Structure formats: structure tokens, C-alpha cells
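So you know, we letter chains A, B, ... as the sequences are listed, proteins then strands, and number each from 1. Computed from a predicted structure; not experimentally measured.
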There are 2 protein chains.
Amino acid sequence: MKKEETAEHLILDAAKDIFQSKGMDGARMQEIADKAGINKAMLHYYYRSKQLLFEAVFKNAFSLLAPQLNTILNDDSSIEDKVRKFTTDYTAFMMKHPYLPNFIINELNRNEDFILKLKENTGFPNLEKFKAQVNTEIKAGVLKPIDADQLFVNILALNIFPFLGKPLVKALTKKDELSYAAFVESRKTEVANFIIHSIKK
Amino acid sequence: MKKEETAEHLILDAAKDIFQSKGMDGARMQEIADKAGINKAMLHYYYRSKQLLFEAVFKNAFSLLAPQLNTILNDDSSIEDKVRKFTTDYTAFMMKHPYLPNFIINELNRNEDFILKLKENTGFPNLEKFKAQVNTEIKAGVLKPIDADQLFVNILALNIFPFLGKPLVKALTKKDELSYAAFVESRKTEVANFIIHSIKK
DNA sequence: ATATTTGTTAACCATATGGTTAAACTTGTT
DNA sequence: AACAAGTTTAACCATATGGTTAACAAATAT
């Protein structure tokens, strides 16, 4: 038996699917059990309560996202290169985990205190290096003046929003599933260009 | 008695609060009734079911948002002026309705078919004029070449994301409630400049 | 082999939840 | 005043839900 087929892992896996698509409030313990092919009592045996099972799933999801952010924050390439790399990588990553952004954003909105628990974790993204680098490049005349926090949020916004707002954007731009995928795919370069055009001298 | 104090309106008002902060799944009919100061049976008397009450709230919320979008889509000023006006107005609007974006985005993700009902409504935003105008200004040499859909999504993303991702962004940028409000306030001009810099020749 | 710990199940429980009902109250009409 | 229509309430209902229990099975240790 593979590690992934232990009851504990089967449960976490099923819980991930259900929680990420339906949220904490919409998820049902029975549905998770059914999806895992396992008796409902086992969920409590391994994770004690719905809340704790949810937290296990959430921390797992966030620990998938954090390294993506750290890419842009903590390597040594130029801001331009970072933006290009991040935009490509992040979009590719999101295409593989389409429920992730909405799940995280929404659950953080539902319970604002929850982010405090994440902050304590090592590996919680830290902006200091990125901000210092932006300011250095501005002084060096490579970039136009811009507040580093604002730039960071812009980068995040342009990359994440198409996944968060997919149903809305799809409807507004009158795209079907296929053309939306192509639209997002082309953003890998479009968004990077859009940002670079704006900030580069 | 004012119109706003009829039972029907008190219910809708309370339902708006509860649904927008807790979502469809997290909302409880009893809680809505309590907030409205009205017997629970009245909710069903006026709105038949939780689903229908929810839809009333949702359509209401969306009909508040749609005119904001139409501002940028259907007036006759230049793209640059539209971007500036939209960014200022939209941010001001969101500061007054902080739960709106997450509510709408999240519920549309929960039920993708729901947007179809909205599409039928008159007043559902239409991008054609905006797209034509972008292409005209590109041909006239006012704007650099850019796909109009991409530009539209960029504008939306930059404006909406700070409200959607507030808890996350607040934590990442280490801002408290007050400095986050200032951050968002300054985006009214920062975002417009960011966009204009990128697209203007 | 036997005892002990760990894993698993079906049945059960208390409570929460959306929804209904029938009676009472209010308002307007004749 | 009497009647009808609309409005409001408390009590009720069926079901769903997170969680528990006690018995049973499998693996592990003695």
C-alpha cells in the first residue's frame, strides 16, 4: 500500500477537494467520508473535528502558495526578470490548482484572525528584500518611482484576479471555457509586459 | 412609517448584511430574522425560501455594481479619462461596500450557472463600445497596442483585488486597519497612473 | 499463544436548520 | 358591526448534521 492510500491521507485528499470547492460552511463531513470511501467516524478519529480537518487542509493549501510568492520576493534577479518569471510560473501553477485562490481568499475573509496563525509559520512571505530591491532600482534609474507595496499588490492583483473572478470575467468578455483558457495562457506574457511597460524607465 | 421599515424591507436589509458577510452557506434564516427583529416565518411569507431570499439580495448587490462598470464602458470620454474616473469612483464605492466584491465573486464561483440569470437582465455590462474605443485609440496612435479584453481585466483586477484580498494583503504588507485604508485611498491615483503609464504612447 | 494497542464500523445522539401550520391580530371594506 | 384580506406569531415538523459510543477486527508486542 502506498503512503497516499492510508486512511489518514485518503481523508485529507478528499477533504481538500470538498473544502476547496464548497468552502468550510458548504462542506459536509459525510460527503468527505464518501469521497474518501471511508467511514465518517474515521474523520474524527484522525482529525478530531471539522474545524481541525479544515485547518489541516487550509494550511496545506497555503503552504503550496507561499513558495510561489517567495519566488518573486527572495531571489537575486532584476525586478524585470522576477516579474516575468513570477507571471509565467504563477499562472501555470494556478491553472493546475484552479480552486486555490478563491478558497484561500474567501476563507481568510470569513475569518480574519485566521491569518495570524499563518504568520507565525516560518516561510510566511516577507516583502523586505523585494521592497529594498525596488528602491535600489529606482535610485539606479532602472525603474520609475513607485511605492514597492503598491507594485507588489499590482503584480499580485494582475496575476490572481483572472482566477478569482473567472465566472464574472468569462461572462463579461463573452468567452467560453476554451477561449478563457487561451486568454489566461496569453496573460503569461501580456501581464508581464503590462507591468514592465509601466515601471521601466 | 417609512418605506424602509416595512417588514419586507427590514428582512431584505438584514438578509443583505448576513448573506454578504457569511455567504449563502454560512447564513442562518434565524439570524436574519433576529437581525430584522421579525419572526422567522415572515421570511418565508415574503420570500418563500432561503434560496429566493438569497437571490433577491444577490441581484440587488449586482445591480449596485453593474452601473459602476458601465461608467467605464459607455461614456464618451477618452480611455485615459475613463480609467482615471473609474479608478477613483470605484475605489470610493468599494470603501462604502466592503463586503460586496468578495460576496459576488465567491457566490459566482460557488454556482457558475448563476451568472446566466444575470446576463439576461438589461443593464448587464457590455464591453463592445469600450473595445471599439480602445482599438480606435490604438489606431490613432494614442495608445500602445493592447488587447482590449486584457486591458479591461487589468483595470478590474487592479481596482478590485485590494478589496478581495484585503486580509492577505494586509498581512503581507504588514499594515494595520488605518494604514491599509490610506494605502487603498492612495491607490485611487496610483492605479490610474500605473495603467496610463503602461498603455499611453 | 496471549495481551495490548491501533484501526474500523454501524448504530446512535443532541442539536440545528429550513420550512410549515393554524390560530390570532390588524387593516380595510361594505 | 361584520366580513374579508392581509399580516404576524408561537409551536411544530422532518431532516440534516457534527460528533460519540461501544463493539469488533487487525496488527503489534510480550
Side-chain angles (χ1 to χ4, degrees), chain A residues 1-61 99 103 106-107 110-111 113-114 117, chain B residues 1-61 99 103 106-107 110-111 113-114 117:
Chain A
M1 192 196 272
K2 299 178 206 165
K3 277 177 198 167
E4 294 81 37
E5 284 168 358
T6 62
E8 192 172 351
H9 193 106
L10 284 172
I11 291 167
L12 194 64
D13 232 46
K16 189 179 68 182
D17 272 18
I18 303 293
F19 277 130
Q20 290 191 7
S21 61
K22 307 202 168 179
M24 170 68 171
D25 292 331
R28 296 290 157 250
M29 294 298 266
Q30 188 60 59
E31 197 182 358
I32 294 172
D34 291 347
K35 183 147 213 164
I38 268 175
N39 188 290
K40 180 164 71 88
M42 296 288 276
L43 310 203
H44 293 94
Y45 181 75
Y46 284 109
Y47 295 92
R48 286 196 70 84
S49 68
K50 187 185 184 185
Q51 179 64 28
L52 287 175
L53 177 55
F54 172 79
E55 288 182 18
V57 169
F58 189 90
K59 281 174 187 167
N60 236 284
Y99 283 116
F103 174 65
N106 193 49
E107 297 299 337
R110 208 177 51 84
N111 180 4
D113 296 330
F114 201 54
K117 291 186 191 169
Chain B
M1 191 196 272
K2 298 178 207 165
K3 276 177 198 169
E4 294 80 39
E5 284 169 1
T6 61
E8 192 171 351
H9 194 105
L10 284 171
I11 292 168
L12 194 64
D13 232 45
K16 189 179 68 184
D17 272 16
I18 303 294
F19 277 130
Q20 289 191 5
S21 60
K22 307 202 167 181
M24 169 69 171
D25 292 331
R28 296 289 158 250
M29 294 297 267
Q30 188 60 60
E31 199 182 356
I32 294 172
D34 291 348
K35 183 146 214 164
I38 268 174
N39 189 291
K40 180 164 69 89
M42 296 288 277
L43 310 203
H44 292 94
Y45 181 75
Y46 284 109
Y47 294 92
R48 288 193 67 85
S49 70
K50 187 184 184 186
Q51 179 63 27
L52 287 175
L53 177 55
F54 171 80
E55 288 182 17
V57 169
F58 189 90
K59 281 175 187 167
N60 237 284
Y99 282 117
F103 174 65
N106 192 47
E107 297 299 338
R110 209 176 50 84
N111 180 4
D113 296 332
F114 201 53
K117 290 185 190 168

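- Classified by interplanar angle (parallel below 30°, tilted 30° to 60°, perpendicular above 60°), the ring pair A:Phe54/A:Phe103 is perpendicular.
- Considering only side-chain N and O atoms, A:Arg28 lies under 4.0 angstrom from the phosphate OP1 or OP2 of D:dG18.
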For residues 23-30 of chain A, tabulate all N or O donor-acceptor pairs below 3.5 Å that involve a side-chain atom, not counting sequence neighbours.
from	atom 1	to	atom 2	distance (Å)
A:Arg28	NH1	A:Asp25	O	3.4
A:Arg28	NH2	A:Asp25	O	3.3
A:Gln30	NE2	A:Asp34	OD1	3.0

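- When the local axes at the two ends of the helix from C:dA1-D:dT30 to C:dT30-D:dA1 are compared, using 5 base pairs at each end, they differ in direction by 10° after rounding to 10°.
- Closest to the A:Lys40 side chain, of the nucleotides D:dT21, C:dT8, D:dG19, is D:dG19.
- For A:Asn39, taking side-chain heavy atoms from C-beta onward, the closest of the listed nucleotides D:dG19, C:dT9, D:dT9 is C:dT9.
- Distances were taken from every side-chain heavy atom of A:Ala41 (C-beta onward) to each of D:dG6, C:dT9, D:dG18; the shortest belongs to C:dT9.
- The distance from atom NZ of A:Lys35 to atom CG of A:Asp17, rounded to the nearest 0.5 Å, is 4.0 Å.
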Would you please test B:Glu107 and B:Phe58 for side chain to side chain contact (heavy atoms under 4.5 Å, CB included) and show each step? CA-CA 9 Å; B:Glu107 297 299 338; B:Phe58 189 90; 3.7 Å; yes
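- Comparing B:Glu8 and A:Met29, the nucleotide of DNA chain D nearest to each residue sits closer to the 5' end for B:Glu8.
- A straight line from CD of A:Gln30 to P of C:dT9 spans 12 Å, rounded to a whole angstrom.
- Among the nucleotides D:dT8, C:dT8, D:dG18, the one closest to any side-chain atom of A:Ala7 is C:dT8.
- Taken to the nearest 0.5 Å, the CD atom of A:Glu55 stands 10.0 Å off from the CZ atom of A:Phe19.
- Close to C:dT8, at under 4.0 Å from its OP1 or OP2, lies a side-chain N or O of A:Tyr46.
- At a threshold of 4.0 angstrom between heavy atoms, the contacts of A:Ala27 are confined to the sugar-phosphate backbone, with no base atom among them.
- Atoms CD1 (B:Ile32) and P (C:dT17) sit 12 Å apart, rounded to a whole Å.
- The side chain of A:Met42 lies closest to C:dT9 when the candidates are D:dT9, C:dT9, C:dG18.
- Atom NE2 of A:His44 is separated from atom P of D:dT17 by 13 Å (rounded to the nearest Å).
- Here the P atom of nucleotide D:dA25 and the OH atom of A:Tyr45 are 17 Å apart, to the nearest Å.
- Expressed to the nearest 0.5 Å, how far CD1 of A:Ile38 lies from CD1 of A:Ile11 amounts to 5.0 Å.
- Here the CG atom belonging to B:Leu12 is positioned 4.0 Å from the OH atom belonging to B:Tyr47, to the nearest 0.5 angstrom.
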